[in-house]
Amino acid sequence: MIGEQHYSEVFQALPTPCLVLLPDAPFFTVINVSDAYLKITHTRRDDMVGKGFFEIFPTNPYRNESIWRNVFDEVIQTKKASKAAPQKYAFPTADNPLRLDVMYLEVVNTPVLDEQGEIKFIIRSMTDVTDSVHDEKFFEETQRTARIGSWEVNMAHQTVMWSEGLRDIYEVGQGFEPGFRVLDEFYPDPHARRTFEDAFMKATKDSTVFRLMLPMVTAKGNERWLSIVGKSDLVGGSCVRIYGIAQDITDSKRLTDLDELEKRILEMSAHSETPLTTVLSEYVLGIEALYRGMHCSILKVQGNRLVHWVAPSLPESYNAMIHDIPIRDHVGSCGTAAYRKERIIVSDISTDPKWADIKVAALEHDLKACWSQPVIDSQGEAMAVLGIYYKQVKFPNPDELLIIDRMSALLHIIIENRRNADRARNVTSMMAQGQELARFGNWQSDLETNQHTWSPVLCEIYGVDPTAFAPSYDNYLALVHPEDRQRIEQLVKQIFETHEDTVFEERIIRPDGDIRHLRSWARLVLNDNREPVKLIGACLDVTETKQAELQLKQLHAQLEKHLNEVAQSEQKYSDLFHLSPQPMWVYDLETYDFLDVNTAAINHYGYTREEFLSMTVIDIRPPEEIPKLKAAVAQSKGYNKLFFQGTFKHRKKNGEIIQVDIQSNIIQFHGRKAELVLANDITLKLYYVEAIETQNKKLQEIAWMQSHMVRAPLARIMGLVDLIQMGPSPGVDQHQLLRAIYESATELDDVLGDITEKAEQVNLT
């Protein structure tokens with residue numbers, strides 16, 4: 001037989017740290033402590049048992065005593081378990097009590113009630129979730145750095161959850177509660193909304209993974225582009241949740257669109273029949289579409305003056321005012337930029353001295369900032385000036401400075417190429433291909449003269465000094481990673497054999513030892529006789545992209561680890577269920593099928609586990625109890641969370657009918673809405689209560705007989721005795737008096753006999 005010693009051994013072996021406390025507020029005396037609790041807190045049993053909880057842990061730098069007392073008060077008042085979110089705790093270390101070991105613990109205070117429903121003990125259990133908390137924080141910070149956020153839609157509860165990273169992307173505060181109207185709130189484009197809705201609905205039916213790239217507007221009115229990946233979980237053909245990630249790809253999307261724009265503009269410029277003003281206007285309009293609020297102009301240099309060339313979004317009246325202005329210092333931003341041959345940034349036209357003489361023209365048209373960049377030709381002379389205007393006081397950010405550089409570089413190519421058709425063919429071909437991979441360094445090898453040239457950007461990518469480095473095929477191969485060198489040599493050989501363009505990836509090792517990943521393109525240029533004369537190409541540094549891919553793999557690994565920890569946690573709860581000494585089971589609220597049953601229920605009811613799982617909860621009820629069961633189940637179906645308690649009749653396998661006290665809760669069990677039931681057999685208890693009530697009823701009858709039926713004959717006897725004591729009276733027959741006394745005594749004897757018989761019946765029961 002299992003005794004208290006066995007239960008004590010089981011308690012000490014529990015992997016979950018536990019304390020058993022008395023509810024003697026405000027002390028909460030410790031009466032038992034598990035070995036796991038002693039280990040995690042680095043304490044001794046003798047220092048804890050018999051002492052008050054707050055005497056053992058008087059201080060904690062992360063949680064004050066009042067918060068702990070509030071938790072205990074809540075348990076005392078509600079008589080329900082209290083579970084807090086993971087909190088930071090500090091305990092003395094085993095080797096040095098003056099040093100504190102910091103960890104995150106999830107604490108649950110569970111009251112143990114006696115038969116009268118009063119708290120007998122309080123079990124305080126703790127779970128060390130330090131690693132999970134640290135992993136979660138690292139995962140969240142990594143997501144924020146990469147501008148990635150996660151989301152989940154719970155179909156059962158119709159709720160939407162966002163990670164902190166996603167809240168940052170949407171620029172919403174902590175009080176914002178995401179819902180199903182998020183599309184209407186952040187996606188004004190009807191096409192984007194329909195695209196997302198169609199993908200979402202399809203995923204709910206067939207569990208397909210969807211990948212979308214959609215425009216949106218944040219809570220602060222900023223236009224962004226999101227890459228959204230989603231997947232659904234189907235259980236029995238029904239969708240229970242849809243989850244995924246969203247990444248802010250605005251910068252990369254804008255760069256991609258910019259690459260496409262520049263490619264298209266270069267292709268337009270390559271056709272000499274297309275007017276240059278048309279090419280420049282298309283380019284300016286494309287830039288303005290990517291950078292909302294930006295208004296661009298291009299002024300042409302003619303002699304010592306600037307004349308209007310293209311400015312499609314500026315008022316014609318303003319263009320007329322600045323037409324034919326002199327190239328001179330302090331003649332606006334553009335006149336000064338052409339004069340100094342350097343970029344001029346004016347963030348506030350109304351106060352900058354360079355605009356002192358002509359600011360009225362700009363301010364009349366609500367133009368408040370102007371940044372100007374001269375377009376310099378190969379001889380170092382200004383060909384044109386790019387002007388960028390804003391209708392608010394504004395200083396450029398790094399991205400805007402970058403676009404100014406890109407625009408001036410492309411304008412340099414377009415304008416100068418139109419001046420020199422031969423040069424335009426070579427440069428346009430190279431740049432058109434180069435723009436497919438965005439902005440990168442380029443190189444050229446003249447096969448006839450064996451001359452090699454590298455652009456400054458390419459030298460920067462390879463980490464070499466352009467003034468000291470001598471470009472050549474051998475010097476290039478020396479910088480290629482040894483593991484890639486043979487493959488590259490084979491690719492070069494293939495180019496000369498096939499005369500086909502080649503795109504490939506390679507690794508290089510800079511002189512400082514830094515390893516970089518490159519995406520490169522190469523083309524063989526042939527003369528009219530189809531003989532190779534030049535090998536040209538370009539390469540893009542994609543190291544950051546490779547690193548981002550590695551980080552994404554690490555994120556997936558961390559997520560997998562987290563899921564494993566969740567699975568382990570579920571196993572712990574399963575153990576608590578199956579090891580419970582009271583019968584417990586889980587059944588489906590729709591089908592009434594048993595879904596799981598613990599050992600105590602199997603032993604008490606006599607069915608095997610296989611028999612239970614092939615039955616429904618109706619099968620353990622007598623026929624007269626089935627309507628009562630169905631009424632209780634119907635009530636439970638209307639709630640997602642419901643605590644129910646009631647008394648029912650159950651039937652064991654041997655046919656015995658027992659009375660049970662049922663306590664149940666609604667839970668989600670493997671995606672199914674189910675009810676967890678705890679059954680307490682109270683048959684014997686009810687039998688004793690009924691026996692006591694029967695005894696009480698008989699005792700009440702005896703008391704009534706004593707107080708009513710005995711009193712009447714006894715009163716007559718006492719009256720007759722008084723008449724006899726007074727002596728003979730005229731007209732009174734003494735024999736009649738004696739006979740009356742005898743009859744009353746006989747009646748009294750009969751009553752006493754009845755009382756004795758009923759008293760014996762009470763004893764028999």
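Residue indices begin at 1 and follow the sequence shown.
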Check: With the threshold set at 4.0 Å, does a side-chain nitrogen-carboxylate oxygen contact exist between R516 and E544?
Finding: yes

Please report the shortest heavy-atom distance between [X] and [Y], naming the atom on each side.
{"X": "C539", "Y": "S520", "answer": "CB-OG, 3.1 Å"}
{"X": "N475", "Y": "A470", "answer": "ND2-O, 2.6 Å"}
{"X": "I228", "Y": "A246", "answer": "CG1-CB, 4.2 Å"}
{"X": "V217", "Y": "P188", "answer": "CG2-CG, 3.8 Å"}
{"X": "S163", "Y": "G149", "answer": "OG-CA, 3.4 Å"}
{"X": "I403", "Y": "M294", "answer": "CG2-CE, 4.4 Å"}

Problem set entry | Criterion side chain to side chain contact (heavy atoms under 4.5 Å, CB included) on V160 and V153, from CA distance to verdict | CA-CA 5 Å; V160 180; V153 178; 4.2 Å; yes

Hey, can you pull the donor-acceptor pairs under 3.5 Å for the side chains in residues 489-498, sequence neighbours left out?
{"from": "T498", "atom 1": "OG1", "to": "Q494", "atom 2": "O", "distance (Å)": "2.9"}
{"from": "T498", "atom 1": "OG1", "to": "E500", "atom 2": "N", "distance (Å)": "3.3"}

Evaluate the side-chain proximity of [Y] to [X]: yes if any heavy-atom separation is below 4.5 Å, no if none is.
{"X": "P482", "Y": "I509", "answer": "yes"}
{"X": "I536", "Y": "N442", "answer": "no"}
{"X": "Q379", "Y": "E416", "answer": "yes"}
{"X": "M268", "Y": "I265", "answer": "yes"}
{"X": "R343", "Y": "S408", "answer": "no"}
{"X": "S372", "Y": "T336", "answer": "no"}
{"X": "R167", "Y": "P178", "answer": "yes"}

Is a donor on one side and an acceptor on the other found under 3.5 Å between the side chain of [X] and the backbone of [Y]?
{"X": "N527", "Y": "N529", "result": "yes"}
{"X": "T204", "Y": "M201", "result": "yes"}
{"X": "R485", "Y": "L477", "result": "yes"}

Inset, instruction - Please lay out, stage by stage, how Y283 and V279 fare under the test side chain to side chain contact (heavy atoms under 4.5 Å, CB included). - result: CA-CA 6 Å; Y283 185 38; V279 176; 5.7 Å; no

Can you measure from [atom1] ([X]) to [atom2] ([Y]) and round to the nearest 0.5 angstrom?
{"X": "H412", "Y": "N417", "atom1": "NE2", "atom2": "CG", "answer": "8.0 Å"}
{"X": "I298", "Y": "K300", "atom1": "CD1", "atom2": "NZ", "answer": "11.0 Å"}
{"X": "I287", "Y": "L258", "atom1": "CD1", "atom2": "CG", "answer": "5.0 Å"}
{"X": "L535", "Y": "R523", "atom1": "CG", "atom2": "CZ", "answer": "11.0 Å"}
{"X": "L166", "Y": "I245", "atom1": "CG", "atom2": "CD1", "answer": "10.5 Å"}
{"X": "T218", "Y": "D168", "atom1": "OG1", "atom2": "CG", "answer": "11.5 Å"}

- Message: So for atom OH, which belongs to Y339, do other residues, nucleotides or ligands contribute more than 12 heavy atoms lying within a distance under 6.0 Å?
- Response: no

* Do other residues, nucleotides or ligands put more than 12 heavy atoms under 6.0 Å from the CD atom of E505? -> yes

Hey, can you pull the donor-acceptor pairs under 3.5 Å for the side chains in residues 206-213, sequence neighbours left out?
{"from": "D206", "atom 1": "OD1", "to": "T208", "atom 2": "N", "distance (Å)": "3.1"}
{"from": "D206", "atom 1": "OD1", "to": "T208", "atom 2": "OG1", "distance (Å)": "3.0"}
{"from": "D206", "atom 1": "OD2", "to": "K202", "atom 2": "NZ", "distance (Å)": "2.9"}
{"from": "S207", "atom 1": "OG", "to": "S232", "atom 2": "O", "distance (Å)": "3.1"}

Check side-chain contact (heavy atoms from CB on, under 4.5 Å) between [X] and all other residues, then give those that pass, not counting sequence neighbours.
{"X": "T449", "result": "D446, Q451"}
{"X": "T256", "result": "none"}
{"X": "L526", "result": "H499, L524, R530, P532"}
{"X": "N154", "result": "A156, H157, T159"}

The salt bridge (Lys or Arg N to Asp or Glu O under 4.0 Å) partners of R507 (sequence neighbours excluded) come to E483, D484

Side chain to side chain contact (heavy atoms under 4.5 Å, CB included) between Y170 and L226, intermediate numbers included = CA-CA 10 Å; Y170 279 84; L226 294 188; 3.5 Å; yes

Applied to residues 273-291, the salt bridge (charged side-chain N to carboxylate O under 4.0 Å, His left out) test, sequence neighbours excluded, yields R264-E282

In short, salt bridge (charged side-chain N to carboxylate O under 4.0 Å, His left out) pairs touching residues 212-238 with sequence neighbours left out are E223-R292, R224-D248, D233-R241

For S445, the side-chain hydrogen bond (donor to acceptor under 3.5 Å, both in side chains) test, sequence neighbours excluded, returns H452

Q.
Quick one about D541 and T543 (side-chain donor to acceptor, distance below 3.5 Å, no hydrogens or angles considered), yes or no?
A. yes

Contacts satisfying ring pair (Phe, Tyr, Trp, His ring centres under 6.0 Å) that involve residues 455-476 (not counting sequence neighbours) are W454-Y462, W454-F469

- request: Give the C-alpha distance, both sets of side-chain angles, the deciding distance and a yes or no for side chain to side chain contact (heavy atoms under 4.5 Å, CB included) between K534 and E448.
  value: CA-CA 8 Å; K534 287 184 181 180; E448 296 177 337; over 6 Å; no

(request) Mind telling me whether W162 and F176 have parallel, tilted or perpendicular rings, with 30° and 60° as the class edges? (result) tilted

Show me the side-chain donor-acceptor pairs of residues 380-396 shorter than 3.5 Å, one per line, residues at least two apart or across chains.
{"from": "E381", "atom 1": "OE1", "to": "K341", "atom 2": "NZ", "distance (Å)": "3.4"}
{"from": "Y389", "atom 1": "OH", "to": "Y318", "atom 2": "OH", "distance (Å)": "2.9"}
{"from": "Y390", "atom 1": "OH", "to": "E400", "atom 2": "OE2", "distance (Å)": "3.4"}
{"from": "K394", "atom 1": "NZ", "to": "E400", "atom 2": "OE2", "distance (Å)": "3.3"}

